[in-house]
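Every chain is numbered from 1 and lettered A, B, ... according to where its sequence line falls, protein lines coming before strand lines.
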Amino acid sequence: MLELSLLRENPQIVIDRLMVKRFDAKNTVARILDADQGRRETQKMLDDNLAEANALAKEIGNLFKSGKQQEANELKARTAELKTAAKELQEKMDALQKEQDSLLITLPNLPHPDVVAGTSAEDNVIVQQEGEFPVLPEGSTPHWELCQKYDIIDFELGVKLTGAGFPVYKGKGARLQRALINFFLDNAIAAGYHEIQPPLMVNEASGYGTGQLPDKDGQMYFIGLDGFYMIPTAEVPVTNIYRDLILNAADFPVKNVAYSACFRREAGSYGKDVRGLNRLHQFDKVEIVQLQYPDKSYETLEEMRAHVAGLVRKLELPFRIVRLCGADMSFTSAMTYDFEVYSAAQQRWLEVSSVSNFESFQANRMKLRFRDGSGKTRLAHTLNGSALALPRIVAALLENNQTPEGIRVPKALVPYTGFEMIC
RNA sequence: GGAGAGAUGGCCGAGAGGUCUAAGGCGCUCGCCUGGAAAGUGAGUAUGCGCCAAAAGCGUAUCAUGGGUUCGAAUCCCAUUCUCUCCGCCA
């Protein structure tokens, strides 16, 4: 949620910057400012009314005590008037506040000035590319066939147990998963992150805090009996740890890492994009989350980007980093880097990480603040990134490292898997 | 699932219609004391919103949440949520 003060002070900047995200905010901004104006006027009247009522109540109390029943009763007439007026004012103010909030929440985050507008994912800017495309041996196949050939990931069995998009990892496939999770966690811990094991279900307030609710609830699995949502990413519980907290400036940066299973309904997805491991309803991911002092959040974004790049490099996967254009960015992000690895048999780039700076957008929603040097409270900046999401990494590892003898495990991972080949 | 108890500031905890602008303690901040520290001692120490050019200041709301009673509610009533204890079930 954007900060109201920004709209008051610079409505035109908000409108202009949101055009970069192809969002026409002109009308909404005007309505928000109208509601805000009305709300403030109403509150002034209400506060004055209540101030008078409070004073009267005190006076009446004193009169009663000194036995002046008659005078006290006379004053009561006035308090009745005030009460009626206060109720109306309160209702009016609540309605305006509600209108303002409901409008404000429809505005996306402002993109950083370095973000280009663009019209689609085609316009994302490639900022870094590394690694050679592997030359695959004769008879190479996409990962879903390799999974079947070596019996390491069973999609059919998942359908039997649950449904499409819930694969069963078996044998070296399961061990590879476990190895990757530990590899990612150990790297994050070495980089100074604090490990968290969060709940896999969250309540409504948490879903709201990170922005999945109210409008993206169709993307989450919902446990109706208890009112819980299965987390689509560990970002949700890990960031919400700090909901409604006031930190000290000295606490920054807060660096957390969490492994979790992630659950996504992915309603409306179909076709080759969802083949094999490309898109699942349940998958594993290690997520890094940072809270940072506002002035330093872009330094931190670069640090996180470098961390993720280091992981992909150690896995010997060809990758590129794109800075998303305005048209392709998420609602909540101010700047996002997507990491894509090259999946050689499918001959396509697969997105394996998304590293974003949300600036104060999430913090405002969940009232995540800190006390600056002068003792004033300010909103913190939040950032997060996948480091990394497993399925597409596994897809690329399987495809790129296939040999007639089996699938070679990258060196960095061998201490974690305990084997060098899947065969 | 059944029965009972409870929810008060950063934390502990008193408070049972007006003197709550929430006692007291702990913690924290700044002083004093000290060679330095501890102890002692003094003061300060919540958040949102509004008024004000701004600071200071003032107003208002907030004692789990939402309603209600009353001139007046942390306090009384109703509902909801959550926590704890015991019983049942259980890895």
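- Under the Watson-Crick and G-U wobble criteria, each requiring two contacts below 3.5 Å, nucleotide B:G1 is paired to B:C87.
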Heavy-atom protein contacts under 4.0 Å, nucleotides 63-81 of chain B, coded B base, S sugar-phosphate only, - none
-------BBS---------

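- A:Asp244 has its CG atom 14 Å from the C1' atom of B:A46, to the nearest Å.
- Comment: A:Arg408 engages A:Glu316 in a salt bridge, judged by a side-chain N to carboxylate O separation of less than 4.0 angstrom.
- With 3.5 Å as the limit, one finds a donor-acceptor pair spanning the side chains of A:Tyr416 and A:Asp186.
- Atom-to-atom, CG of A:Asn203 to P of B:C82 comes out at 9 Å; the value is rounded to the nearest Å.
- For B:U75, there is no paired base (Watson-Crick or G-U wobble, both distances below 3.5 Å).
- Here the separation of B:C90 from B:C26, taken at their P atoms, is 49 Å to the nearest Å.
- Applying the Watson-Crick and G-U wobble criteria (two distances, each under 3.5 Å), B:U70 pairs with nothing in any strand.
- Separation of the P atoms belonging to B:U69 and B:C82 is 28 Å when rounded to the nearest angstrom.
- Although no hydrogens or angles enter the test, the distance criterion places no donor-acceptor pair under 3.5 Å between the side chain of A:Asn357 and the main chain of A:Ala334.
- Nucleotides B:A14 and B:C76 are separated by 15 Å at their P atoms, to the nearest Å.
- Distances shorter than 4.0 Å separate some side-chain N or O of A:Arg39 from OP1 or OP2 on B:G50.
- Note on A:Arg371: every side-chain N or O is 4.0 Å or more away from OP1 and OP2 of B:A46.
- B:C82 and B:G6 make up a base pair, with Watson-Crick or G-U wobble contacts both under 3.5 Å.
- Across all strands shown, B:G25 is found opposite B:C11 as a Watson-Crick or G-U wobble partner, with both distances under 3.5 Å.
- Remark: B:C49 base-pairs with B:G59; criterion is Watson-Crick or G-U wobble with both hydrogen-bond distances under 3.5 Å.
- A salt bridge links A:Lys255 to A:Glu303: at least one charged side-chain nitrogen sits closer than 4.0 Å to a carboxylate oxygen.
- Atom CG of A:Leu245 and atom P of B:G9 are 15 Å apart (whole Å).
- Between the C1' atom of B:U47 and the CZ atom of A:Arg243 lies a distance of 17 Å, rounded to the nearest Å.
- Separating the C1' atom of B:C77 from that of B:U70 is a span of 12 Å, rounded to the nearest Å.
- Atom C1' of nucleotide B:A46 and atom NZ of A:Lys367 are separated by 17 Å, given to the nearest angstrom.
- The closest side-chain donor-acceptor pair between A:Gln362 and A:Glu235 falls under 3.5 angstrom.
- With rounding to whole Å, A:Leu379 atom CG is found 12 Å from B:G48 atom C1'.
- Between A:Arg78 and A:Glu81 there is a salt bridge, since at least one side-chain N of the basic residue sits less than 4.0 Å from a carboxylate O of the acidic one.
- Nucleic acid contact for A:Arg378: none, since no nucleic acid atom lies under 4.0 Å from a heavy atom of the residue.
- Remark: the separation of the C1' atoms in B:A46 and B:G27 is 14 Å, to the nearest Å.
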Can you give one letter per nucleotide of nucleotides 51-62 of chain B, 5' to 3': B if a protein heavy atom sits under 4.0 Å from the base, S if only from the sugar-phosphate, - if neither?
S-------BSS-

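- Geometric assessment of A:Arg305 against the ring of A:Tyr337 yields a positive cation-pi assignment under the 6.0 Å and 45° thresholds.
- Among the protein residues, A:Arg369 comes within range of the sugar-phosphate backbone only, with heavy atoms under 4.0 Å from sugar or phosphate atoms but none that close to a base.
- Between A:Tyr221 and A:Phe263, the ring planes lie perpendicular to each other; the angle is over 60°, past the 30° to 60° tilted range.
- Taking the six-membered ring where tryptophan is involved, the planes of A:Phe339 and A:Phe319 are essentially parallel, since the angle between them stays under 30° and well short of 60°.
- Cation-pi geometry between A:Lys172 and A:Phe419 is satisfied (NZ or CZ under 6.0 Å from the ring centre, within 45° of the ring normal).
- Of the two residues near RNA chain B, A:Ile246 and A:Glu59, the one whose nearest nucleotide lies more 5' is A:Glu59.
- B:G48 atom C1' lies 12 Å from atom CG of A:Asp101, rounded to whole Å.
- Separating the P atom of B:U8 from that of B:A23 is a span of 16 Å, rounded to the nearest Å.
- Between A:Thr377 and the phosphate of B:G48, there is a side-chain N or O to OP1/OP2 separation shorter than 4.0 Å.
- The partner of B:U41, taking Watson-Crick or G-U wobble pairs whose two distances both stay under 3.5 Å, is B:G31.
- Salt bridge annotation for A:Asp36-A:Arg39: present, with a cationic side-chain nitrogen under 4.0 angstrom from a carboxylate oxygen.
- Taking a pair to require two hydrogen-bonding distances under 3.5 Å in either a Watson-Crick or a G-U wobble arrangement, B:A16 remains unpaired.
- If you take atom P in B:C30 and the same atom in B:G17, they sit 42 Å apart, rounded to whole Å.
- Nucleotides B:U85 and B:G15 are separated by 25 Å at their C1' atoms, to the nearest Å.
- Remark: C1' of B:U45 and CG of A:Asn248 are 13 Å apart, rounded to the nearest angstrom.
- Salt bridge absent: A:Lys367 and A:Asp244 never bring a charged side-chain N and a carboxylate O closer than 4.0 Å.
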